[in-house]
Structures are given as C-alpha cells and as structure tokens.
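No experiment lies behind these values; they were computed from the predicted model shown. In each ligand, atom 1 is the first atom listed, and ligand 1 is the first ligand listed. For this chain, numbers begin at 1 and follow the sequence in order.
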Amino acid sequence: MTIAEPFHIIAHRGASAYAPENTMAAFRLAAEMGIREIETDVGYTRDGAIILFHDNTLDRTTDGTGSPGDYTLAELKELDAGSWGDRPIPDGSHEPPVSWSGDYAGEQLLTLQELLDAFGDQFVYHIEIKRPAPGLVSDVLQALRERDLLESVYMNTINDFDSLLEVRQQEPSVKTAWSPVNLLLGEGDGRHVVQQAADHGISMFVFNSTTLDPALVALAKELGMETRCSGIKNRDQMIEAVEAGCNGMTINWPDWLVECVDDRTK
Ligand code: G3P
Ligand code: CA
C-alpha cells in the first residue's frame, strides 16, 4: 500500500496525547518529535485577543469554568492549562484519553501570535476557526501576514463554509481546508458536497473518521483537492485513513503516524 503524496503528519492541538493540548508544551513536543505541521483552534477572548482553545468551555482542560470568550486575555493567562491530564474523561466526551509522562502544571493558554512567534516557518499551521466571530478571519490573516506566514497555513473550519469564503475573498492564495461533517452525515449525496468544495476553490477536503469514504477521497483528489482525515482515536482508524488514500491527518499521536509511514515506505 503506497502512501498518498503529499502526506501531512499534523500534530493535533500539538502532540496532545503526550502534553496538554494547545499549549506551548504540546507544540514544543511536536517540534521535538520532528513534526513539521500542527493543528490548532482559534477564537476571541473578551478583549479581542486570539486565544488557542478547543472546547466551548474552560472546564475540561483548565481550572476555570465557562466560555473562554467571557474572559480577558489576562484572566485566561492566570489559569492552569496543564494539570488536567490525570482527571477522568467526562462522560460523553468525544476526546481520547491522554498519557502524559511530564509535569505540565502551570502551563498557560497561548495566543496565536505567541505560537507564530515561537515557531515561525518551522511549522505549517492548520488553523481552525473554532468560534467564528466578525473580524476573526481578518485578524488571523493579519497575524500571519505580519510574520510572512501566509504560505505556511491552511485555514480550516468544521461545517462553517462562510469563514472559508471570507478567507478566499481576503487572501485568495491562502490554502483552505473544509470539514463538512454535518453535510456528509446528512441525507444528501456526499459527491455534491465534494463538488461544492472544489467549485469554491477549497484546497483540502477534510473527512472525519466517521465520514471517511474512499470513493469520496478519490473524487476530491480527481477534482484537484488534497484530502485529510481528522478525529483519529486509535491505530486502526489511522491505518484506515492512510489506506483510504488521504493526504494525511490530524493526530494526537504523531509518532504513530511517523512510524506507520516509515514502515510503508521502506
Ligand atoms: O479539521 C478538523 C480537525 O482538525 C479536528 O479538529 O476540533 O475536531 O479536534 P477538532
Ligand atoms: Ca480543531
């Protein structure tokens, strides 16, 4: 079985199986593992800073509560985002367990600018507009533009197509990645969804492990898009995505994927 070309090994929220997600520790660990691409989630703080945070509330991964958008950056910086690894995963969470060996107590939440300043063009950044808000796409593009990183990014959304159209309008050369989970899980024909993405110049069509379909992977590639998978929770799902022909995936265990690619390209 060959590996698709190009192939993106993307540390999901950093090397998040091994260090607290979306913190400097997780991104640093990804870099130490030799990983060249990371994924992260952006949204505004109450005072308009761009914070890297996945969930709708602070509860699972910090000692805070409520929405990150209800706090100023200074308030969010007071939180401990690195001590939650030994807590049980809440019932109903779709997040896989973590197994940290390091002590990450006191790890802070990060802004997008801090991430970009720390790693520059060492990474390709897959930036998900997690909490769309007026001005957010513009501000993210500006942060990238100021650092000459517009070529090192895929702007990503799950379901939200409008933010990607905004990216296309403001910076047509910036790569876009769309993960239309709801549409693919709905009753319509997935081929039309893939066609819609291609018609609007989307660069990368993103499947979730629950929506992965090798025929749609092939169609997306025929229409000139790259494909990737997300939502990988175990090795079997990782291998399934490789074998479906995806051009890579976001994964909490990037080391597994490095090993898998090495084995298959020997
Ligand atoms: O494209 C979506 C993917 O990168 C995964 O993100 O927010 O579902 O963990 P999330
Ligand atoms: Ca994400």
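Note on L109 and M24: separate hydrophobic clusters, where clusters join Ile, Leu, Val, Met, Phe, Trp and Tyr whose side-chain heavy atoms are under 4.5 Å apart, directly or indirectly. Note on V124 and L52: separate hydrophobic clusters, where clusters join Ile, Leu, Val, Met, Phe, Trp and Tyr whose side-chain heavy atoms are under 4.5 Å apart, directly or indirectly.
Under 4.0 angstrom from ligand 1, the non-hydrogen atoms of D41 all belong to its side chain. Residue I158 touches ligand 1 through its side chain alone, judged by heavy-atom distances below 4.0 Å.
Around the Ca ion (ligand 2), the protein N, O or S atoms closer than 3.0 Å are E39 OE2, D41 OD1, E128 OE1, listed by chain and residue number.
Between the side chain of D70 and the main chain of R46, no donor-acceptor pair closer than 3.5 Å is present. Listed for the D80 side chain is a donor-acceptor partner under 3.5 Å among the backbone atoms of G106.
Under the 3.5 Å distance criterion, with hydrogens and angles disregarded, a donor-acceptor pair is assigned to the side chains of N252 and H12.
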**Asked** Could you go step by step and tell me if Y18 and W100 meet the ring pair (Phe, Tyr, Trp, His ring centres under 6.0 Å) rule?
**Response** CA-CA 5 Å; Y18 306 114; W100 303 341; over 10 Å; no
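The protein heavy-atom contact nearest to atom 4 (O) of ligand 1 is E39 OE2, 3.1 Å. Regarding atom 7 (O) of ligand 1, its nearest protein heavy-atom neighbour is K130 NZ, 2.7 Å. Scanning all protein heavy atoms for the shortest distance to atom 5 (C) of ligand 1 gives H12 NE2, 3.5 Å.
In the vicinity of R13, heavy-atom distances shorter than 4.0 Å reach the ligand 1 atoms 9 (O), 10 (P). Interface atoms of ligand 1 facing N156, defined by a heavy-atom separation under 4.0 Å, are 1 (O), 2 (C), 4 (O). Of all atoms in ligand 1, numbered sequentially from 1 with element shown, those under 4.0 Å from a heavy atom of V206 are 1 (O). Short contacts between ligand 1 and R228, defined as distances under 4.0 Å to a heavy atom of the residue, involve ligand atoms 1 (O), 3 (C), 4 (O).
The side-chain contact (heavy atoms from CB on, under 4.5 Å) test with L184 singles out one residue from L212, D213, T211, and that residue is T211.
Between W178 and V193, some side-chain heavy-atom pair lies under the 4.5 Å cut-off.
Taking 4.0 Å as the cut-off between side-chain N and carboxylate O, R60 and E21 count as a salt-bridged pair.
Taking the six-membered ring where the residue is Trp, H126 and Y154 present parallel rings, their angle staying beneath 30° rather than reaching 60°. The aromatic rings of F123 and F119 lie tilted to each other, with the angle between the two planes from 30° to 60°.
The shortest N or O to N or O distance between H54 and ligand 1 is below 3.5 Å. Backbone and side-chain nitrogen or oxygen atoms of S230 are examined, and none is located within less than 3.5 angstrom of a nitrogen or oxygen of ligand 1.
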